[in-house]
Amino acid sequence: MPPRSDSTEGSPLSRTGRLLRFTASARWAHHATAILAGVCVFTAACLYISPLSQLVGRRPLVTVVHEWSGIALPVPVLVGMASRALRSDLRRLSRFAPHDRRWLRAAVRRTGTSNIPSGKFNAGQKLYASWTAGAGLVMVGTGLLLWFPELASLSVRMGATFVHDWLALTIAVVLAGHIWKAAGDPGAREGMWRGTVSRTWANREHRLWRQEMDGHGEGDPLTDTLTDLRSDAPSTESPRTEAGRNPRDRAGTPPS
């Protein structure tokens, strides 16, 4: 069965030398979220690092920009969910398959992940997306407690401040790692900026997804699991005799 339109939205590309990886709606949601996250990190640095604070000045304005960019952070994804393609990508990111566990074991042991097939997203990308979503919700929640101090007691606000500040630092480090990884992978950058990738890159980095795009999968987020299991499972076909008949068939009964 060919891939569904929500995963391709331009399947003719899959019959050329390139594959459609991300639609315009998915790329817009990613870029808008990245801009808002960058504004949050920069304004937070201006509020907490004295040299930057003195250089930028206008502390009340920086505070307002920081607060509203943080509140707006989930908006691009929420708006983008009107796109069936983005919803399909989010379903893929939320599901782990057997090959994802093998990918993680190889990554932890540093034995190399290039020989482990991946779907549209590998296990590292799925973990990053899940962690980012969870951290973002915590940041919004603790930020609201700091924005509206009358909502909680002093002890709760102090705890929220501690969590907000240290989680912000952790997010900045993780974002830097994400940017560093993307900088080292021209194929991934091309897919996010142009929307398409070469079949060679897809076959090397996301082989199961490439098979799906070429019509060998069933176009569902769980196809990654099914394809992986089929490719690893030994043949269970019953042996045939020289006459082409299964030895288990009853005598005189033609093979099915």
Side-chain angles (χ1 to χ4, degrees), residues 22 24-83 86-87 89-96 104 107 121-183 188-189 192-193:
F22 294 113
S25 57
R27 300 199 307 276
W28 175 87
H30 177 273
H31 300 333
T33 302
I35 291 173
L36 289 172
V39 171
C40 284
V41 171
F42 177 72
T43 51
C46 292
L47 292 173
Y48 282 90
I49 301 176
S50 296
L52 272 179
S53 180
Q54 295 173 5
L55 178 65
V56 175
R58 299 179 178 273
R59 186 178 180 87
L61 176 60
V62 172
T63 301
V64 171
V65 172
H66 180 77
E67 292 170 342
W68 282 105
S69 60
I71 291 297
L73 200 57
V75 172
V77 174
L78 294 176
V79 174
M81 286 181 67
S83 166
L86 182 58
R87 295 198 303 270
D89 284 347
L90 294 177
R91 287 196 298 270
R92 291 174 186 269
L93 285 168
S94 65
R95 289 181 168 93
F96 276 75
L104 286 175
F121 304 102
N122 61 42
Q125 292 168 328
K126 292 178 180 180
L127 280 180
Y128 171 79
S130 299
W131 185 88
T132 302
L137 290 175
V138 173
M139 290 296 290
V140 170
T142 54
L144 287 173
L145 291 178
L146 301 179
W147 194 357
F148 302 102
E150 66 276 6
L151 295 177
S153 63
L154 177 61
S155 59
V156 173
R157 295 199 305 273
M158 291 177 62
T161 301
F162 178 84
V163 172
H164 195 85
D165 293 350
W166 283 102
L167 186 55
L169 179 60
T170 305
I171 290 174
V173 173
V174 173
L175 283 177
H178 176 68
I179 295 171
W180 178 77
K181 290 290 291 183
R189 295 199 311 272
M192 185 51 68
W193 285 106

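The figures here come from the full heavy-atom set of this structure, side chains too, leaving out hydrogens, waters and symmetry mates.
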Rounded to the nearest 0.5 Å, what's the gap from [atom1] on [X] to [atom2] on [Y]? Could you check?
X      : Y      : atom1 : atom2 : result
Met81  : Ser25  : CE    : OG    : 11.5 Å
His178 : Ile171 : NE2   : CD1   : 13.5 Å
Met139 : Ile71  : CE    : CD1   : 11.0 Å
Met158 : Leu146 : CE    : CG    : 12.0 Å
Lys181 : Gln125 : NZ    : CD    : 9.5 Å
Arg87  : Arg92  : CZ    : CZ    : 14.0 Å

Between [Y] and [X], is there a side-chain heavy-atom distance shorter than 4.5 Å?
X      : Y      : value
Met192 : His31  : yes
Leu104 : Leu127 : yes
Asn122 : Tyr128 : no
His66  : Thr63  : no

Where [X] and [Y] come nearest, the two heavy atoms and their spacing:
X      : Y      : value
Cys46  : Leu52  : CA-CB, 4.1 Å
Phe22  : Arg27  : O-NH1, 2.8 Å
Ala37  : Leu73  : N-CD1, 3.6 Å
Leu145 : Leu151 : CD2-CB, 4.3 Å
Val77  : Leu86  : O-CD2, 4.0 Å
Val62  : Gly57  : CG2-O, 3.7 Å

Any donor-acceptor pair under 3.5 Å from Ser94 side chain to Arg91 backbone | yes
Give a yes or no answer on whether the side chain of Arg189 reaches the backbone of Ala183 with a donor-acceptor pair at less than 3.5 Å.
-> yes
Count the heavy atoms of every other residue, nucleotide or ligand shown that sit under 6.0 Å from [atom1] of [X], and state whether that count exceeds 12.
X      : atom1 : answer
Trp131 : CH2   : yes
Trp28  : CH2   : yes
Arg58  : CZ    : no

Passing candidate, side-chain contact (heavy atoms from CB on, under 4.5 Å) with Thr142, options Val163, Leu137, Thr161, Asp165 | Val163
